[in-house]
Each structure stands twice: as C-alpha cells, then as structure tokens.
Amino acid sequence: MECPHLGSSVSIAPDSATFPSGSPSSWCCSVCRSNKSPWVCLTCSSVHCGRYVNGHAKKHYEDAQIPLTNHKKTEKSERDRVQHTVCMDCSSYSTYCYQCDDFVVNDTKLGLVQKVREHLQNLENSAFTADRHRKRKLLEDSSLTKLVKVNGSTNAVCATGLRNLGNTCFMNAILQSLSNIQQFCCYFKELPAVELRNGKTAGRRMYHTRSQGDNNISLVEEFRKTLCALWQGSQTAFSPESLFYVVWKIMPNFRGYQQQDAHEFMRYLLDHLHLELQGGNNGVNCSVLLQENSGISSSSKCCINGSSTVVTSIFGGILQNEVNCLICGTESKKFDPFLDLSLDIPSQFRNKRTKGQENGQTCTLRDCLRSFTDLEELDETELYMCHRCKKKQKSTKKFWIQKLPKVLCLHLKRFHWTAYLRNKIDTYVDFPLRDLDMKCYLLEPENSGPESCLYDLAAVVVHHGSGVGSGHYTAYAAHEGRWFHFNDSTVTLTEEETVVKAKAYILFYVEHQARSALEKL
C-alpha cells in the first residue's frame, strides 16, 4: 500500500553509524536479545524482534504513541507520536507501517527507504563475504573439512538454503522438494537464460513490491534461476525474492506475507509453469526440449489444458472415474488427468497422533490409497444424474489409475473445515522410503512392466503446527544418496530414521525406471 507516514517516520541516515555491527539478518533484539526476525526502526535505528517472536518491534511503536502526561500538547509532541511507525525487516528488507498495519511499497521523496534497504543489503553482503572467506580458510585445513562419504567417493556438503522473506516457508519447502526431482530440475537448469531487464535497470536488484508495473516477467526464468542457485555450494542461503515478486504478479492469492498452504502453492506453481511453457515465453520451443531430454519419452506425455510440457510429462497421470447408478445399473466412465492425488486420512485413524501412541494399527500410506480407490456410495448431496433414468439417483463411485506418472505426488489431506474453522488432522501416516507398489491400483496392471509400478521416495514436505494459516513448513529430500532437511536458510544432513518419523503433508515418489535412466546418463 501507499503509506502517508513515511515523510515523518523515516529520518535515519542510510549509512547511520548507529546500526549494530554484523549481518543485519542476525541482529539481536535490544530487549530480549533474540536474533530471530529482527526489524529496524526507520526513525531511531533501534532493533527489535517481530510480532511472531516476542513482538518487541510492535511494542516499541506502541510505547512511542503513549501521550505525554503533565506536558502541554505541542506540535512537536504530536510530530513525535507519528514517528517510530515504520520499520524494515532485516532479512527480506520489506517495509511495514504499524499505523497503516500493512506493508509499504512507496518511498520518501528523497528515496530514503531504498537507500536504507541498499545499505542493509551491503552490510549483509559484506558479512556474508567475510564469513565465506573464514569458511574457505577452515576448509583448507583438511582436519577441519566436513566431508561425507557416499558410494566410496568423498564429497563436500554443498546444499543451499532459501531465505524466508516473511512467512514464505511454504514456498521454500516446495522449491527445495522440486529441486531434488532430478528430471524436472535438470530440464529447467538446461534452459537458456532470458535477459528480461535492460537499459537503466540492467544489473539492478529487483524487489517484490506491488507498485511495480513490470509486465515483462517470466515465472519460468525466475524458477530456472532459483534452481540454478541451489546445489552450487557457492553460498549457504539464497534469497528467492525475484521469484516471489513474479509470484505476487501472476498469482494474486499469494500476495502479502501471511502463511499459505504449501500444496495450494505447488498446484498454482505447476499450473503456471505449464501454461507459460506452452506459450514459449522463455524463447525456446518446449516440444524440442522434451524430445532432446532422453528421460522423457513421447509416450509418457499427459496433456492438461492443451499440449504437453515437462510438467505434465513428469507429474501427469490419468484417472478413470467409474460411476454406477444403483437403480438401473447404468455405468459411466470418465478419464481425468492429474498432477497429484489428494488422499483422505481414514476416519478410524484420525485420533492417532504419533506412531504407537495408542493400541491398534498405525495408519499407513496404503490405507490412504485404499480409501481413495475403494468403491464408495455417494451421499444425498452428490446424487448422480442418470441419463437412462433421466433424474438424479443414488450411485457408487470408484477411481482407477489408468496411467501412472513418472513422479507420483501424493497430498495427504490434513486440513478440513468444521462449522467455523479449518482444523488439522495430526495423525502419523507410515510411508515407505523405497518400493511403493502402485500395481494394485492400476486399471490394467497386466500391461505394466515389472518395475514400472514401483516408486522410491524423493522428497517430503512437512507442516509443523496446528492450522493452515499458522505453523511452519520444512522439507526432507534425497540428493545423491543422502537425506537433507531443509528449514528455510538452514540445511542439515539427516538420517532415514528421522525422515520416516515425519508427519508427511506432501510426498514425492520417483518411478524406478526414471531413476535408473538418470543413473545411466
């Protein structure tokens, strides 16, 4: 929004010596000393923690608004009260006005907000460069180098985290998961770069503000840049702000800094990538690149909303929906393409929160798949319009999988609506790391190969917390035989035993043949 309070609130010098030393993203709150979510006041340059930590930044603003007692009301005191209303996130450089209660997209006449932003960015880059030199010096000492041995070879850990831009963990978890789907990731990384900015804006960093009117944007290009930045080992964390800016432009549902549903974001992201690739906005014929990619055959293509792209070639499958009228026995068949399957957690398991918490069986992924494909009778609100009976009748419904995708994405429906709010089903669901057999859910299993129905786990998205509008998203993903835990900018090696204990929200399984083909390349 356009904030009218910047002129009176932004009064610190962009190169103010009153700023703390060190990296702005790790500055500590002057009250509680927490280094989580630091915000700097653009009036007095004091640093406090955000509202999702201990809320001292907001309290700093509120304290400044308390009217002075035993003093005559003067113009100066009124001016002081409208100060301390604007602050800047030291990690994402977003500006927020407490008096407007919204994020700010405009600037002062002298451009002070942008100057402060650039100064904080320079401080962050300087601290990062110094830290990188320190780490490089440590790596030169072989006794201090942290190496991991995989398949007889020794490799250094080179995973890159993604900075949280303000409740963007939902996006980070999905991006890290997709970056470890090798066929999908490699396709985008091999696309030629597209230079979208020139002239006065060439080489300048773009910030995600709703006021910018740049129509020449490409989701494919920013997605490609983000994937290329991961796994290079040149930095510990990458800021996906340019991608987030494009998301704001083309996906209005995700504007702002409130928590979002990771599954909903994934579907929007894949759909928009698919549409843009169909249009060839990246300057490359999509069909040519599909043919050049030896891991994607023409027979694997599943068309959704037009011609096939890498999205539908890898994630696309086909369901057969059978509906039978219980009065006359008329059978109706319909084929529906899908990019992921949303599975209910069976009601008998919904009270079990952890593995072995209560007596009885643990809910498994097979239970969820069986519930999805089992024959069910439609209730009174879903009566089937029978063409033979010429009216709505009671009926049964059953799903079969007519074609399995190369990457099987399974979404566990953990959030459901009650009368007034959306609750979370916190049930633990046991899932296999290897050899998930999908043959029994196929319409024609006899026509499938011996290993074409077997899948290995590639990535897991986990939601921590109680509701869809709150909590936190992280991801586990396998890369070159090792499992990593991605928690925004923090990436750690982890064990398989830790992965299988996670309460999965989204599971990405890779087909055996696809994995074998990649290993031969």
Side-chain angles (χ1 to χ4, degrees), residues 174-175 177-192 194 218-224 226-228 263 265-320 335-342 401-411 436 438 441-444 447-449 451-459 477 506-521:
I174 293 299
L175 293 176
S177 298
L178 294 178
S179 75
N180 286 283
I181 307 295
Q182 294 303 309
Q183 275 187 299
F184 188 69
C185 180
C186 289
Y187 172 88
F188 285 94
K189 288 165 68 174
E190 291 171 3
L191 287 176
V194 176
S218 169
L219 179 65
V220 171
E221 172 66 2
E222 295 304 333
F223 185 68
R224 182 196 69 81
T226 302
L227 293 182
C228 288
H263 174 251
F265 172 75
M266 182 196 74
R267 285 307 312 267
Y268 270 89
L269 177 66
L270 293 179
D271 287 344
H272 280 82
L273 287 173
H274 172 65
L275 291 173
E276 188 173 318
L277 286 170
Q278 283 182 320
N281 289 355
N282 58 319
V284 179
N285 189 316
C286 176
S287 60
V288 173
L289 282 167
L290 282 173
Q291 292 171 6
E292 290 177 353
N293 192 321
S294 60
I296 305 174
S297 63
S298 58
S299 61
S300 69
K301 297 175 184 176
C302 169
C303 298
I304 299 175
N305 298 328
S307 59
S308 176
T309 66
V310 67
V311 175
T312 53
S313 296
I314 289 180
F315 290 96
I318 300 175
L319 283 176
Q320 177 176 292
F335 291 94
D336 296 314
F338 68 87
L339 295 179
D340 69 304
L341 298 178
S342 291
I401 298 177
Q402 198 269 341
K403 173 190 170 296
L404 283 166
K406 288 189 172 296
V407 175
L408 178 64
C409 179
L410 301 176
H411 161 234
L436 171 65
M438 296 293 295
Y441 310 109
L442 281 178
L443 180 64
E444 298 175 343
N447 294 334
S448 59
E451 285 198 350
S452 61
C453 302
L454 295 178
Y455 288 81
D456 292 336
L457 188 66
I506 306 172
L507 296 150
F508 297 88
Y509 280 94
V510 178
E511 185 185 27
H512 265 203
Q513 288 182 343
R515 184 177 293 275
S516 300
L518 282 171
E519 291 173 352
K520 293 177 182 178
L521 293 178

What I'd like to find out is whether the side chain of [X] reaches to under 4.5 Å of the side chain of [Y], using heavy atoms alone.
X	Y	answer
Q402	L319	no
V407	Y455	no
L277	Y187	yes
I174	I506	yes

Measure across [X] and [Y] and return the closest heavy-atom pair with its distance rounded to 0.1 Å.
X	Y	result
C453	L442	SG-CD1, 3.4 Å
K403	G316	NZ-O, 3.0 Å
L191	R224	O-CD, 3.4 Å
V510	A458	CG2-CB, 3.5 Å
S342	H411	OG-ND1, 2.9 Å
E276	S218	OE2-OG, 2.5 Å

Inter-residue atom distance [X].[atom1] - [Y].[atom2], 0.5 Å rounding:
X	Y	atom1	atom2	result
L270	D340	CG	CG	8.0 Å
M438	I401	CE	CD1	3.5 Å
H274	S307	NE2	OG	6.5 Å
L410	L436	CG	CG	7.0 Å
D271	L219	CG	CG	11.0 Å
L454	H512	CG	NE2	5.0 Å

Which residues pass the ring-ring contact (aromatic ring centres under 6.0 Å, His included) test with F508, sequence neighbours left out?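 Applying ring-ring contact (aromatic ring centres under 6.0 Å, His included) to F508 gives none.
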Could you work out, with ring-ring contact (aromatic ring centres under 6.0 Å, His included) as the rule, every residue matching Y441, not counting sequence neighbours?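 Per chain and number, Y441 pairs via ring-ring contact (aromatic ring centres under 6.0 Å, His included) with no residue.
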Given the rule in the side chain to side chain contact (heavy atoms under 4.5 Å, CB included) test, do V220 and F188 qualify, once you have shown the distances and angles that lead to the verdict? CA-CA 8 Å; V220 171; F188 285 94; 4.1 Å; yes
Using the ring of each side chain (for Trp, its six-membered ring), is H272 parallel, tilted or perpendicular to Y268, with breaks at 30° and 60°? parallel
Pair I318, D336 - check side chain to side chain contact (heavy atoms under 4.5 Å, CB included), show working. CA-CA 6 Å; I318 300 175; D336 296 314; over 6 Å; no
Do the ring centers of F315 and F184 come within less than 6.0 Å of each other? yes
Let's go through Y509 and D456 carefully: what are the C-alpha distance in whole Å and the side-chain angles of both, what is the deciding distance for side chain to side chain contact (heavy atoms under 4.5 Å, CB included) to 0.1 Å, and is it a yes or a no? CA-CA 5 Å; Y509 280 94; D456 292 336; 5.6 Å; no
Evaluate L273 against T309 for side chain to side chain contact (heavy atoms under 4.5 Å, CB included), listing each step before the verdict. CA-CA 9 Å; L273 287 173; T309 66; over 6 Å; no
My understanding is that only residues two or more places apart in sequence, or in another chain, count here; which of them pass side-chain contact (heavy atoms from CB on, under 4.5 Å) with Q320? E322, K333, F335, W400, L443
